[in-house]
Amino acid sequence: MSIAALRPKIAVLYLARCLGLFALGRHLTAKRLRILCYHGGCLGDELGYNPKLFMSTETFRKRIAWLQTKGYSPVRLDDAVRTPDANRGRLEVVVTFDDGWYSTGRELLPVLAGQQIPSTLYLCTRHFLEGWPVLNVATRYLLWKAARRRVKLEGFGAKVDGEHDLAIPAARESLAQGVVAAFAPLATDRSAVCAALERLATAVGLDPAELDLASRRFDYMTPEEVRSAAASGCAIELHGHDHYYPRGAPERFRADLSRCDEVITGLGLPKPRHYCYPSGSFDEGAAVVLDELGVASATTCLPGLVHDSSPPNSFYLSRFLDGESIHQLEFEAEMSGFADFLRRLKGRRFSLPVAAKPKTSAPTPAGDAFPK
Ligand SMILES: [Zn+2]
């Protein structure tokens, strides 16, 4: 490998690995829990649109193989949270998935099931119950796909109609928001949503076949598919009903969690005990509500090793968001503890204040592209 050909950050990581710093990091942090986060698999060209949200089976398989080669021990989230940090085994890692994408079940979970690796799926129950393509993701994909064009739209409503230059990202984003608002009242069943999206595709010069909604690449799993995932070793946990964390509104948060819990237990699955903050957004009130409702842990989108998994830290667990856009060396740096060490050195690692009140976090940059 030519170091000169690498991005500066990747070149530094490459040198660090060559110098044995990754191996040293693994040794020194072997008793720290690692939590990994994935989203959807890839059924077409979704990687080009959003390589944080979608990951190829090949890359996912490579990550899992690397973990196994390096001696990591995949463990169930529930077991990891129940285990006191002092009793933790070597290189324990928890694999989690957010949302509930059909492509997760079709492409990524089988990689784990084939090797009896446990995992967790944080299910957003509103999109799951809807059973149609997630509008804001499918819309943004569609406009990305048509990105070189100038279009004139008519008959879609005041928020959409007019001339748009899809080559300009801000114009595309503004149009996407208008489309999602205009289509929301039309979203009554899968065929209505698909018809609306295909009409938009045609209007921006895309063949609906290119949108390929029949592949279900923007859909969530069905109830049967979720039960099947659970049966194959994937625990189904809470991602909220609305895919939105209501800051400063504990009553609303309580209601959202309860609805999500009802849907999951209504599938005949075990009562969920773990939560994941949608888009990584949280505030200091979250721990109180989660504790009241008997939820044992919550994961954030803040990268790092888990240094303390006891309450209240258990409600703000660090988690690394892996994706197709993450270089293998960045992944290895995170998993070895080297990236965590650098973050601590720079004072950029999140930690609970003395009063056990977490900082209020901003949504992750990737969160904008996630369903709401
Ligand atoms: Zn999510």
Side-chain angles (χ1 to χ4, degrees), residues 36-44 46-47 50 53-61 64 74 76-78 94-138 141 187-194 197 211-243 259-276 278 299 322-324 370-372:
L36 276 166
C37 167
Y38 296 92
H39 289 81
C42 187
L43 304 178
E46 303 92 280
L47 296 182
N50 191 334
L53 189 56
F54 300 103
M55 179 181 248
S56 68
T57 314
E58 185 190 1
T59 303
F60 184 66
R61 201 184 296 281
I64 298 301
R76 295 171 67 242
L77 174 63
D78 200 52
V94 170
V95 181
T96 71
F97 299 91
D98 284 10
D99 302 336
W101 299 97
Y102 164 68
S103 57
T104 307
R106 203 190 100 163
E107 296 294 314
L108 307 184
L109 290 181
V111 173
L112 302 181
Q115 303 176 65
Q116 277 88 49
I117 294 176
S119 61
T120 291
L121 169 64
Y122 293 112
L123 184 66
C124 165
T125 45
R126 177 179 292 282
H127 292 312
F128 165 68
L129 290 179
E130 286 174 346
W132 54 68
V134 176
L135 258 182
N136 77 353
V137 173
Y141 166 82
T188 51
D189 59 37
R190 192 171 195 284
S191 60
V193 171
C194 290
L197 287 167
L211 197 52
D212 193 19
L213 297 177
S215 70
R216 298 180 57 205
R217 55 182 168 156
F218 304 118
D219 287 30
Y220 273 29
M221 295 183 214
T222 63
E224 203 38 59
E225 287 160 352
V226 168
R227 284 194 204 96
S228 169
S232 71
C234 178
I236 310 302
E237 302 290 349
L238 306 157
H239 198 28
H241 186 65
D242 283 337
H243 203 279
R259 181 73 183 113
C260 187
D261 179 299
E262 272 171 26
V263 174
I264 292 172
T265 51
L267 292 168
L269 297 173
K271 186 172 176 59
R273 285 177 23 89
H274 305 277
Y275 175 66
C276 161
T299 45
D322 195 11
E324 195 75 27
F370 297 162
K372 291 213 168 103

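Just so we're clear, the structure is a prediction, and the values are computed from it rather than from any experiment.
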Hey, is the main chain of Pro278 close enough, under 3.5 Å, to the side chain of His243 for a donor-acceptor pair?
no
Compare all side-chain heavy atoms of Val95 with those of Pro118 and state whether any distance is below 4.5 angstrom.
no
By ring-ring contact (aromatic ring centres under 6.0 Å, His included) - contacts of Phe60 (at least two apart):
Tyr38, Phe97
Test side chain to side chain donor-acceptor pair (under 3.5 Å) applied to Ser191 - qualifying residues, sequence neighbours left out
Asp189
When every non-hydrogen atom of Cys124 is compared with those of Tyr220, the smallest separation belongs to O-CE2, 3.4 Å
What pair of heavy atoms forms the shortest contact from Arg190 to Gly131, and how long is it?
CD-O, 3.5 Å
Among all residues two or more places apart in sequence or in another chain, which pass the side chain to side chain donor-acceptor pair (under 3.5 Å) test with Glu58?
none
Rounded to the nearest 0.5 angstrom, the CG-OG distance for Asp219 and Ser103 is 9.5 Å
Taking only residues two or more places apart in sequence, or in another chain, which ones meet Phe54 in a ring-ring contact (aromatic ring centres under 6.0 Å, His included)?
Trp101
All heavy atoms of Pro133 vs all of Leu213, minimum pair found to be CG-CD2, 4.2 Å
Under the side-chain contact (heavy atoms from CB on, under 4.5 Å) rule, collect the residues that match up with Cys234, sequence neighbours excluded.
Leu109, Ser119, Leu121, Ala229, Ile236
Min side-chain heavy-atom separation Thr120-Thr299 under 4.5 Å:
no
Find out whether Tyr141 and Leu211 are in side-chain contact, i.e. whether some heavy atom of one side chain is under 4.5 Å from a heavy atom of the other.
yes
Report the distance from atom CD of Glu107 to atom CG of Leu43, rounding to the nearest 0.5 Å.
5.5 Å
Minimal non-hydrogen separation, Cys260 against His241, with atom names
CB-N, 3.8 Å
Can you name the closest pair of heavy atoms from Leu53 and His39 and give their distance?
O-CB, 3.0 Å
Return the set of residues passing salt bridge (charged side-chain N to carboxylate O under 4.0 Å, His left out) with Glu46 (not counting sequence neighbours), or none when no residue passes.
Arg217
I need the Ile264 CD1 to Leu238 CG distance, nearest 0.5 Å.
5.0 Å
Which distance, rounded to the nearest 0.5 Å, do you find between the CZ of Arg106 and the OG1 of Thr57?
8.0 Å
For His274, does its backbone N or O pair with a side-chain atom of Glu237 as donor and acceptor, under 3.5 Å?
yes
Where is the tightest heavy-atom contact between Thr104 and Gly40, given as atom of each residue plus distance?
OG1-CA, 3.4 Å
Only counting residues at least two apart or in another chain, list the ones meeting side chain to side chain donor-acceptor pair (under 3.5 Å) with Thr96.
Arg319
Taking only residues two or more places apart in sequence or in another chain, which ones pass salt bridge (charged side-chain N to carboxylate O under 4.0 Å, His left out) with Arg273?
Asp78
With Arg76, which residues qualify under salt bridge (charged side-chain N to carboxylate O under 4.0 Å, His left out), at least two apart?
Asp79
Ala113 meets the side-chain contact (heavy atoms from CB on, under 4.5 Å) criterion, sequence neighbours left out, with Ser232
Could you measure the distance from the CG atom of Leu267 to the CD atom of Glu262? Nearest 0.5 Å is fine.
12.0 Å
Can you tell me if Arg61 uses its side chain to pair, donor with acceptor, with the backbone of Val111 under 3.5 Å?
no
Spacing of Asp98 atom CG and Leu123 atom CG [to the nearest 0.5 Å]:
10.5 Å
Partner residues of Glu225 under the salt bridge (charged side-chain N to carboxylate O under 4.0 Å, His left out) criterion, sequence neighbours left out
Arg216
Could you work out, with side-chain contact (heavy atoms from CB on, under 4.5 Å) as the rule, every residue matching Glu324, not counting sequence neighbours?
Leu47, Pro51, Met55, Ser56, Thr59
Counting C-beta onward and ignoring hydrogens, is there a side-chain heavy-atom pair between Leu135 and Leu197 closer than 4.5 Å?
yes
